[in-house]
Amino acid sequence: MTRSVLIIEDNPAIAELVSMQVSDLGMTPVLANRGDDGLARFRQGGIDLVVLDLMLPGLDGLAVCREIRTAPDYVPVLMLTAKSTELDRVLGLEMGADDYLIKPFSVAELGARIKALFRRGDAFSARATVTPESRVIEVDGLRIDSSRRRVFVKDAEVELTAREFDLLWHFASHRGRVFSRAQLLDAVWGYNHQGYEHMVNTHINRLRNKIETDPAEPLYVQTVWGVGYRFQD
C-alpha cells in the first residue's frame, strides 16, 4: 500500500519541492498551506507521515504537532524550520516531533530523513511485537511498556518525547552493550551523518533529567568515557 505524506507548508516553492521528493520516493503527497487546514486533513486519517513547517498561518507548527500527538495512532513528524537556534529545535522535539530539518536543506537529505523515519518505525514495530513478554522491560523501579509507549519510574508515569522513548527502549533492549554516538544515530534516528552527534548528547541529557533520580550520577543510562553510552548491566 502506498504511503501518504502530509506536507503542511505555506511556502509554495518549498511545498512543491517536498511534494516532488515524496513522489519520487513512491509515496503520495497531500498538501496543506495552513496549520489549521493541515490539522483538519490529518484528522481525516490515512496519513503515514507529516512534514510540518514551524512557522505557519492559522496554527503554528508547534501547536499542530502538539495536537497530532493527541491522536490514538502514532504518526511520525518531520519538522521544517528556518530557525537554527537550539531552543527552537528543543521546543519542536518537546511537542513530539521525531526529527527536524533546518532550511535551506538538500533534497537528498530530505529524502534520507523521510526514509529513515519509516525504516525506524518499521523496525521498532517488528521488535515490539515479537512476543508479549518482550513489550515490557522492568529494571530497578523503571518500567518501559513498548506496546503503549509509556514509561514509569517508581510507579509515576514519565512523559517522554517520541525520540526519547525510542532511545530509552533501544538502550534497555541491549543492556550492558556500549553504543557510540554514531551507532545510536544509525539505530535510533535511522541515519549516520557526521556532525549530528550533538543530538545524541542533547537527547540523553534530557532523558536523564526525566528518569534519573540524580542525572549527574545516572543509574540507568551510563556514560562510558571515550566510547559512548550503555544501559546498566
Side-chain angles (χ1 to χ4, degrees), residues 48-49 65-66 68-77 89-99 116-192 196-233:
D48 301 295
L49 182 142
C65 190
R66 183 169 55 244
I68 287 174
R69 281 293 163 259
T70 66
D73 295 325
Y74 193 88
V75 175
V77 174
R89 298 195 298 269
V90 168
L91 283 174
L93 296 169
E94 285 288 356
M95 290 300 102
D98 295 89
D99 204 351
L117 283 171
F118 279 123
R119 187 166 60 247
R120 181 173 57 85
D122 292 343
F124 183 88
S125 297
R127 291 196 305 268
T129 57
V130 174
T131 64
E133 292 76 15
S134 70
R135 299 178 189 175
V136 177
I137 295 176
E138 295 187 71
V139 181
D140 287 344
L142 175 68
R143 176 182 172 87
I144 312 167
D145 185 337
S146 70
S147 62
R148 297 188 297 163
R149 297 181 69 87
R150 299 176 69 183
V151 174
F152 300 84
V153 177
K154 297 179 181 178
D155 296 326
E157 185 165 6
V158 178
E159 295 292 335
L160 300 184
T161 66
R163 195 68 59 140
E164 289 165 357
F165 181 90
D166 289 347
L167 183 62
L168 178 60
W169 180 258
H170 183 71
F171 273 126
S173 299
H174 302 85
R175 293 184 62 181
R177 178 176 171 182
V178 180
F179 292 96
S180 67
R181 293 171 181 81
Q183 288 173 325
L184 290 170
L185 270 175
D186 189 48
V188 179
W189 277 259
Y191 52 86
N192 188 346
Y196 286 90
E197 289 86 350
H198 67 279
M199 288 202 306
V200 176
N201 298 346
T202 299
H203 278 75
I204 286 178
N205 288 339
R206 291 169 55 225
L207 179 61
R208 283 172 169 168
N209 285 332
K210 293 181 178 182
I211 67 171
E212 302 282 1
T213 302
D214 181 2
E217 296 289 339
L219 172 64
Y220 305 116
V221 181
Q222 302 170 345
T223 300
V224 180
W225 296 107
V227 183
Y229 302 93
R230 70 178 176 192
F231 196 83
Q232 66 149 284
D233 193 358

Evaluation steps, side-chain contact (heavy atoms from CB on, under 4.5 Å), between Leu168 and Leu160: CA-CA 9 Å; Leu168 178 60; Leu160 300 184; 3.9 Å; yes

Candidate pair Ile144 and Phe152, rule side-chain contact (heavy atoms from CB on, under 4.5 Å), full reasoning: CA-CA 7 Å; Ile144 312 167; Phe152 300 84; over 6 Å; no

Candidate pair Arg150 and Glu157, rule side-chain contact (heavy atoms from CB on, under 4.5 Å), full reasoning: CA-CA 7 Å; Arg150 299 176 69 183; Glu157 185 165 6; 2.7 Å; yes

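Within the 4.5 Å cutoff, the side chain of Ile204 has heavy atoms near those of the Phe171 side chain. Between Val224 and Tyr229, every side-chain heavy-atom pair lies at or beyond the 4.5 Å cut-off. At least one side-chain heavy atom of Val139 sits under 4.5 Å from a side-chain heavy atom of Ile137. Asp145 is not listed as a side-chain neighbour of Val151, based on a closest heavy-atom distance of 4.5 Å or more.
With respect to the salt-bridge test (charged N to carboxylate O, under 4.0 angstrom), the residues Asp166 and Arg149 qualify.
Ring planes of His170 and His174: tilted class, angle from 30 to 60°.
Minimum interatomic distance between Phe179 and Gln183 (heavy atoms only, all atoms of both residues): CA-OE1, 3.4 Å. Here the shortest heavy-atom pairing between Arg208 and Pro215 reads O-CG, 3.9 Å. Of all non-hydrogen atoms in Glu212 and Tyr220, the two that sit nearest each other are OE2-N, 2.9 Å. The heavy-atom pair separating Cys65 from Val77 by the smallest distance is SG-CG1, 4.2 Å. Across all non-hydrogen atoms, the minimal contact from Glu164 to Glu159 is OE1-O, 4.5 Å. Nearest heavy-atom pair across Phe118 and Asp48 is CE2-O, 3.6 Å.
Once rounded to the nearest 0.5 Å, the distance linking CD of Gln222 with CZ of Arg230 reads 5.5 Å. For the atom pair OG1 of Thr202 and CG of Leu207, the computed distance is 12.5 Å after rounding to the nearest 0.5 Å.
Asp140 meets the side-chain hydrogen bond (donor to acceptor under 3.5 Å, both in side chains) test with Gln232; sequence neighbours excluded. With sequence neighbours left out, Thr213 forms a side-chain hydrogen bond (donor to acceptor under 3.5 Å, both in side chains) with no residue at all.
Panel note: side chain Asp186, backbone Ala182; no donor-acceptor pair is recorded below 3.5 Å.
In Asp155, the CG atom is not crowded: 12 or fewer heavy atoms of neighbouring residues, nucleotides or ligands sit closer than 6.0 Å.
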